[in-house]
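The shown structure was predicted, so the numbers you read here are calculated from the model rather than taken from an experiment.
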Amino acid sequence: MTNITLPEQRVRRLTFYLAMEEYLARETTLDDCFFVWQVPPTVIFGRNQLIDSEVDIDYCRTHGIQTYRRKSGGGCVYADMGNIMSSFVCRDENVGRTYNRYINMMLWALHHMGIEAKATGRNDILIDGRKVSGTAFYHLPGASIVHGTLLYDTQMEHMTASITPSDAKLTSKGVSSVRQHITLLKDHTTLSISEVMHVLTDRLCHGSLCLDAAAVERIGQIEQGYLTDTFIRGHNPRHTVVRKAHIEGVGDLEVNMEVRNDTIRDIRLIGDFLTPGQPEEIETRLRGTHLDPESLDKALPHPLGDIILHLREEDLIRLILNT
């Protein structure tokens, strides 16, 4: 696996690194790529989330915390210079297999540091039963991308105040607060944050490649797509029906629909679920569908779990019909 570096060692905004992942996946023939990075205080929310429901915008503005959307699924994350962010770009169409490789690599590296970490749930790495890392992933033609956080010495006040998890999400984890659910890596190792970053790249990679100026310029062009208001705010139907549920193994799922004459005219699936496929395919298929179990089941792609991880057809139909 190749460690990817940049010619200028400076901190950039988060969207640059998301664009860097895309550049490596779409516009190079490199096989396995890995890089670590850090960002100024930033909240990043998943592709299927509503910013107004997940982020305290006023708090972020007051405290200079940037807010961006990513193209992978999953939940809302706070990051700052006390976080280690990592990206794995693999020339593999199977995003689930790539995700498992990433998790196993991170666990191996943490164990090498003497840290007894375990993978559990949909996308978390835990130490002593508390979250120290979260991951998300998505698929592009010919490649899969996995990216994750590693909480080293994150500013907890900003983390707890800037993101607003649902009560159902906290209850499902058996905790009453975000702080109760997480732990910091600094409390489990004597290594500094820079030493941890060095171990990750040194132990996981066998060689490095520094991108040239032309590549950096192209990444900057790709980044512009992440900065548009349309991408950040997302599309929401003029909903007349809203259904919400926390589905075990899937996450928070909200269905916003515009319904006329018992027919779905528009629909949006919102939540922190993980997406091996494209949720837009589900939305497209359901538009124009009559609200009855048979019509919905016929319209849905099968198996649904190939698009939204672990989601069963019957669970989505029950949520849509509120039964």
For V259 and D266: C-alpha separation, side-chain torsions, deciding distance, then whether side chain to side chain contact (heavy atoms under 4.5 Å, CB included) applies. CA-CA 7 Å; V259 176; D266 199 2; over 6 Å; no

Can you confirm whether more than 12 heavy atoms, excluding those of H198, are under 6.0 Å from its NE2 atom? no

Take atom CD in E157; do more than 12 heavy atoms of anything else shown fall under 6.0 Å from it? no

Is it true that [X] and [Y] make a salt bridge, defined as a side-chain N closer than 4.0 Å to a carboxylate O?
X    : Y    : result
D252 : K244 : no
R285 : E281 : yes
D52  : R233 : yes

After noting the C-alpha distance and the side-chain angles of R101 and D32, does the key distance pass the salt bridge (charged side-chain N to carboxylate O under 4.0 Å, His left out) rule? CA-CA 11 Å; R101 283 187 59 194; D32 296 350; 2.7 Å; yes

Are the side chains of [X] and [Y] in touch, meaning some heavy atoms are under 4.5 Å apart?
X    : Y    : value
R218 : M20  : no
L184 : V132 : no
L151 : M159 : yes
R243 : E254 : no
L204 : W108 : yes
T149 : T135 : no
L269 : N48  : no
C33  : M1   : no

Test applied, ring-ring contact (aromatic ring centres under 6.0 Å, His included); reference residue, Y226; option that passes from F231, F16, Y68: F231

Where the side chain of [X] meets the backbone of [Y], is there a donor-acceptor pair that is under 3.5 Å apart?
X    : Y    : answer
E283 : R268 : no
T323 : L319 : no
H310 : G251 : no
E217 : A214 : no
S295 : L291 : no
T164 : S53  : yes
Q49  : G46  : yes
N3   : H206 : no
R265 : M257 : no
R91  : D31  : no

Hydrogens and angles aside, do [X] and [Y] bring a side-chain donor and acceptor to less than 3.5 Å of each other?
X    : Y    : result
T230 : T228 : no
T183 : H188 : yes
E116 : H111 : no
N83  : T154 : yes
Q38  : R12  : no

Please answer: with hydrophobic residues joined when any side-chain heavy atoms are less than 4.5 Å apart, are [X] and [Y] in the same cluster?
X    : Y    : answer
M106 : V199 : yes
I145 : L209 : yes
Y152 : M81  : no
L18  : L140 : yes
L110 : L126 : no

Kindly compute the distance separating [atom1] ([X]) from [atom2] ([Y]), expressed to the nearest 0.5 Å.
X    : Y    : atom1 : atom2 : result
D315 : L253 : CG    : CG    : 9.5 Å
N256 : I267 : CG    : CD1   : 8.5 Å
T240 : E258 : OG1   : CD    : 6.5 Å

H158 vs Y78 aromatic rings, parallel, tilted or perpendicular, using cut-offs 30° and 60°? perpendicular

Once you measure the plane-to-plane angle for W37 and Y17, does it fall in the parallel (<30°), tilted (30-60°) or perpendicular (>60°) bin? parallel

Which of these passes salt bridge (Lys or Arg N to Asp or Glu O under 4.0 Å) with D124: K131, K118, R130? K131

Run S86 and Y102 through side chain to side chain contact (heavy atoms under 4.5 Å, CB included) and show every step you take. CA-CA 10 Å; S86 59; Y102 172 88; 2.6 Å; yes

Are I127 and L185 close enough, and set up right, to give a side chain to side chain contact (heavy atoms under 4.5 Å, CB included), and what steps lead you there? CA-CA 9 Å; I127 300 175; L185 195 60; 3.9 Å; yes

Run the numbers on K298 and E294 for salt bridge (charged side-chain N to carboxylate O under 4.0 Å, His left out), then give the verdict. CA-CA 6 Å; K298 184 178 180 180; E294 293 76 16; over 6 Å; no

Can you confirm if the aromatic rings of F137 and Y99 lie within a centre distance of less than 6.0 Å? yes

Take R47 and Q278 through the test side chain to side chain contact (heavy atoms under 4.5 Å, CB included) and record every step on the way to the result. CA-CA 10 Å; R47 65 176 287 178; Q278 303 293 326; 3.2 Å; yes

Given K71 and E21, is the salt bridge (charged side-chain N to carboxylate O under 4.0 Å, His left out) satisfied, shown in steps? CA-CA 11 Å; K71 294 184 179 180; E21 295 172 342; over 6 Å; no

